[in-house]
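Read the structure below first, then the notes.
As the structure lists them, so they are numbered: ligands from 1, and atoms in each ligand from 1. Along the sequence shown, the residues carry numbers beginning at 1.
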Amino acid sequence: MQAKLLLGLTVLSCAAQAQNKYGLHATSLAEYQVSIKSDPEKELVALDKSVPEIVLDIRYATTNNFTGAKVYNLPRAYARKAVAEALKKAQSDFNTLGYGIKIYDAYRPYSATITFYELMKGDTTYVASPYKGSRHNRGCALDMTIIDLKTKQDLKMPSDYDAMQKESWPSTPVSDPIVRKNRDTLISIMEKNGFKVYSTEWWHFDFVGFEKYEVMDIDFKQLEK
Ligand SMILES: [Zn+2]
């Protein structure tokens, strides 16, 4: 009797939320629109509008990324409202040092996470597992660096963005004191403002509290409709 009831419930919930081949259900545009009605904090906001002066260099909307192909249909940086608010506070800390923020990637549709995982043939050292989804898919992760506000040039970091090598790890020692200071400044200001750096990427920051936000599969053109 109980088994039958459980089976019935499982069938019901599968019908409501179909899972993909990785056993995950990513939120659609319609589901997202319902979710922000009950919780406006979940809204995805455009970072260049909510964090003025921010510089965007959205690599996945170009061919200048590790896949060599254009993955996004528009060069956009979206994040949940609470993430944008925390980033704004970090920006004011960077500004007092004469630095600004450059964003390489923010919200990433779940379908891009599948593309990256399949390209990497299942190696998850530098890309997320589609069984869980990425924090980027939740609108709760930022790939970024800092620039000099006067020259607009990137501050020198231990590796290029998306370089899949040990130099990208925040725990790897850096001999050049200026590069070390740049990396440590980026990480310490972001962590002071509610983010956590990723263990293999100095440029990737997860918003603390990402768990309450769902994995979404909505592309940028859909979002702007
Ligand atoms: Zn990232």
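No other N/O/S atom of H136 lies as close to the Zn ion (ligand 1) as NE2 does. The closest approach of H204 to the Zn ion (ligand 1), by N/O/S atoms, is made by ND1. Nearest N/O/S atom of D143 with respect to the Zn ion (ligand 1) is recorded as OD1.
A donor and an acceptor atom, one from each side chain of S129 and T124, are nowhere located under 3.5 Å apart.
The six-membered or imidazole ring of Y60 lies near that of F116, with a centre-to-centre distance under 6.0 Å.
For A69, the side chain to side chain contact (heavy atoms under 4.5 Å, CB included) criterion is met by T67, not counting sequence neighbours.
Not a single N/O/S atom of E201, whether from backbone or side chain, sits less than 2.8 Å from the Zn ion (ligand 1).
Applying the side chain to side chain donor-acceptor pair (under 3.5 Å) definition to pairs two or more places apart or across chains, those involving residues 38-57 are K42-E214, D57-R59.
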